[in-house]
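A short write-up of the structure that comes next.
Here the structure is a predicted model, which is why all the values come from computation and not from measurement.
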Amino acid sequence: MGTTTSAAAKPAKVKDGPGADMPGAGRQGRPRRRRSMGVQNAAGWLFSTPFLVLFTVFMAFPILATLLMSFTDFGLRNVTRPWEANFVGFENYTELFGDEKFLTSLFNTAYFVVVGVPLTIALGLVVAVLLNNGIDRARTFFRVGFYAPVVTTIVAVAVVWRFVLDPSDGLVAGLFSEVGLTAPDFLGSETLAMPSMIAMAVWRNVGTVMVLFIAGLQAIPTEVREAARLDGAGVWQEFRGITVPLLRPTLLYATVITTIGYLNVFEEPFVMTQGGPSDSTLTVSLNMYREGFNFFHMGYASAMAYVLFVVIMGITVLQLRLLKDNTK
C-alpha cells in the first residue's frame, strides 16, 4: 500500500472569515431565526399598543373628524346628532377668504411671525455665544435665568406681563413716572399691543433657542477655531466664517420649531388682550377658538384650522429647502 492518503479520507476544511457558515445556518437554523424574529416583532407590537391606541383615539381620529367636519355646517345642534350635519363641500373654505376678520387674523399672525422669529433667533444666538465664550463666572446661573421663562406656564407669564404693562399701576408705568412721563397704554393701543406681545413672546422663547445654540456651539471642534485664530481671523471673522456656517443645522431646526410655535400663537392674545383693541391682536388660532367654542361654528372653525395647517406645512417646507441647501 502506498503512503498517499486518498482525497476522500482528508478532513473537510472549515471556512473562516466573512464567508464562513454561521452556526445553525442550515435548514434547522432558518426556522429558528424566523421564530426569533416573529417573537421580536410580536413583542414590539405589544409594547407599541398603548401608544397606538392613545394616538388613534386622541390624535388620528380627531384629525380625521376635523377634516370631515370642515366640509359640513357642523354646529351646536349636531353635537348630539353629528350625522345630521349638512355637507357643504368647499363652501367653508371659500367663505374664509371673503371673511374680513379671518384676513385680519391672518395678517396679524404673519406680523407676529415675521417680526418675532428673527428677533428670537438673533437674540438666542447672541446669548448663546456670550454664555458659551464670553462669561466665565456664574455661567450656570445665567443659563438657568434665561431658561426659566420657558418652563413657566404661559398663562402665568402672560398675566404677569399684563400687570407689568398696566398703564396705571404697572412696573413700566412706575419707571415712566420716575422721570416725569406718562406710560402709554401698551395693551390698549392698536399700534403698541402687537409689539408688546411680540416682546413678551421673544423674552419667553429665547431660552429654548439659547439651549439649542449652546449645544451646537459646543459641538464645533476647537481645532477649527484655533486654526482660524492662527490665520489671523478676528472675532467677527471667526463668527461669520466658522460659527454661523457650522451652526446652520441647528439654525434650521431652531427656525422651524420657532416659526411653527409662533404661527400657532394663542395664549398671549387670549390672556393679555382678548384679540383687541379693534382686532389688532386677533390671531388665527384665537379666531378659530372664537368661531368654534364661542359661536359654535365648528365646521367653519375646522376649515380655518386646516388652512392654518396648510400654511404651516408650506412655510416649513420652504424653510427646509432654503436652509437645508446651506447645511450640506
Can you check whether [X] reaches [Y] side chain to side chain, under 4.5 Å on heavy atoms?
{"X": "Ile121", "Y": "Thr258", "value": "yes"}
{"X": "Phe112", "Y": "Val117", "value": "no"}
{"X": "Arg321", "Y": "Leu318", "value": "no"}
{"X": "Asp99", "Y": "Leu103", "value": "no"}
{"X": "Met197", "Y": "Pro269", "value": "yes"}
{"X": "Asn287", "Y": "Glu291", "value": "yes"}
{"X": "Met298", "Y": "Tyr300", "value": "no"}
{"X": "Met272", "Y": "Glu267", "value": "no"}

Any donor-acceptor pair under 3.5 Å linking the side chain of [X] with the backbone of [Y]?
{"X": "Thr283", "Y": "Val265", "answer": "yes"}
{"X": "Asp166", "Y": "Asp169", "answer": "yes"}
{"X": "Ser278", "Y": "Ser280", "answer": "no"}
{"X": "Asn108", "Y": "Asp279", "answer": "yes"}
{"X": "Arg204", "Y": "Val157", "answer": "no"}
{"X": "Ser105", "Y": "Phe102", "answer": "yes"}
{"X": "Asn132", "Y": "Ala128", "answer": "no"}
{"X": "Asn78", "Y": "Gly75", "answer": "yes"}

Spatial distance of atom [atom1] ([X]) from atom [atom2] ([Y]) [nearest 0.5 Å]:
{"X": "Leu322", "Y": "Ile315", "atom1": "CG", "atom2": "CD1", "value": "11.5 Å"}
{"X": "Leu125", "Y": "Thr120", "atom1": "CG", "atom2": "OG1", "value": "12.5 Å"}
{"X": "Leu252", "Y": "Leu320", "atom1": "CG", "atom2": "CG", "value": "5.5 Å"}
{"X": "Gln319", "Y": "Ile260", "atom1": "CD", "atom2": "CD1", "value": "7.5 Å"}
{"X": "Arg290", "Y": "Lys101", "atom1": "CZ", "atom2": "NZ", "value": "6.0 Å"}
{"X": "Trp161", "Y": "Leu165", "atom1": "CH2", "atom2": "CG", "value": "6.0 Å"}

*Identify the heavy atoms of Phe293 and Phe296 that sit nearest to each other, and give their distance.*
O-CZ, 3.8 Å

*Considering non-hydrogen atoms only, spot the tightest contact between Leu263 and Leu308 and give its length.*
O-CD1, 3.8 Å

Show me, pair by pair, the donor-acceptor contacts under 3.5 angstrom made by side chains of residues 57-73, not counting sequence neighbours?
from, atom 1, to, atom 2, distance (Å)
Thr66, OG1, Pro62, O, 2.6
Ser70, OG, Leu67, O, 2.6
Ser70, OG, Tyr93, OH, 2.8
Thr72, OG1, Met69, O, 2.8
Thr72, OG1, Phe74, N, 3.3
Asp73, OD1, Asn86, N, 2.7
Asp73, OD2, Arg77, NH2, 3.1
Asp73, OD2, Asn86, ND2, 3.1

Under 3.5 Å donor-acceptor pairs involving side-chain atoms of residues 173-189, not counting sequence neighbours:
from, atom 1, to, atom 2, distance (Å)
Ser177, OG, Ala173, O, 3.3
Ser177, OG, Gly174, O, 2.7
Asp185, OD1, Gly188, N, 3.2
Ser189, OG, Thr191, N, 3.2
Ser189, OG, Leu192, N, 3.3

*Name the one of Leu123, Leu131, Val126 that satisfies side chain to side chain contact (heavy atoms under 4.5 Å, CB included) with Met210?*
Leu131

*State which residues pass side-chain hydrogen bond (donor to acceptor under 3.5 Å, both in side chains) with Thr208; sequence neighbours excluded, sorted by chain then number.*
none

